[in-house]
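First comes the structure, then the notes that go with it.
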Amino acid sequence: MFDFWSDPAALGSCPSPTRSAISYHLTLTIDGQPTMHGWWEDRAVADRKFLSWIGDYGSTASARITLTDQPSGQKLATWP
């Protein structure tokens, strides 16, 4: 399994993964700015991370969490 995340300090130096096996992208934005990203190949893991991020960051004002299917670009889940 490939598990990757980045924080704001790393966004400039950490390009998104290019492995074709990576299917699910999780994004946290605060005040409309990308704050954290994660990529997983397993949907169940991505779903758990989505819920975990809601618990960790959901009370932050203007936080938005989005889970996307990378190959299709389809949004699978958003919060709020």
Side-chain angles (χ1 to χ4, degrees):
M1 175 192 315
F2 181 72
D3 190 342
F4 179 86
W5 66 273
S6 63
D7 63 29
L11 286 176
S13 63
C14 249
S16 65
T18 57
R19 289 180 39 188
S20 61
I22 298 177
S23 295
Y24 305 101
H25 179 209
L26 193 56
T27 307
L28 168 66
T29 58
I30 297 176
D31 293 327
Q33 299 297 314
T35 304
M36 195 161 65
H37 295 268
W39 290 265
W40 294 274
E41 30 180 89
D42 184 274
R43 173 70 189 263
V45 173
D47 287 337
R48 283 194 305 272
K49 293 291 188 173
F50 177 78
L51 295 174
S52 173
W53 285 20
I54 291 172
D56 292 343
Y57 307 104
S59 63
T60 302
S62 76
R64 182 160 181 87
I65 302 166
T66 306
L67 177 60
T68 305
D69 179 279
Q70 279 292 104
S72 72
Q74 178 184 8
K75 288 184 182 178
L76 302 173
T78 58
W79 188 93

Just how far is it from atom [atom1] of [X] to atom [atom2] of [Y], taken to the nearest 0.5 Å?
| X | Y | atom1 | atom2 | result |
| --- | --- | --- | --- | --- |
| T60 | W53 | OG1 | CH2 | 12.5 Å |
| I22 | Q70 | CD1 | CD | 8.5 Å |
| L26 | T66 | CG | OG1 | 8.0 Å |
| M36 | I30 | CE | CD1 | 8.5 Å |
| D56 | K49 | CG | NZ | 9.5 Å |

Any idea which heavy atoms bring [X] and [Y] closest together, and the distance?
| X | Y | answer |
| --- | --- | --- |
| A63 | P80 | O-CD, 3.3 Å |
| P71 | S23 | CD-O, 3.5 Å |
| A77 | F50 | CB-CZ, 3.6 Å |

I'd like to check Y24 versus D69 (side-chain heavy atoms, cut-off strictly below 4.5 Å). Are they in contact?
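Yes - at least one pair of side-chain heavy atoms lies under 4.5 Å apart.
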
T27 versus T68: any side-chain heavy-atom pair under 4.5 Å?
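Contact flag for T27/T68 side chains = no.
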
Quick check against the 3.5 Å criterion: does D31 have a side-chain atom that pairs as donor or acceptor with the backbone of Q33?
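The answer is no, because no donor-acceptor pair under 3.5 Å joins these two groups.
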
Heavy-atom donor-acceptor pair, R64 side chain to L28 backbone, under 3.5 Å
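Side chain of R64 to backbone of L28: no pair is present.
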
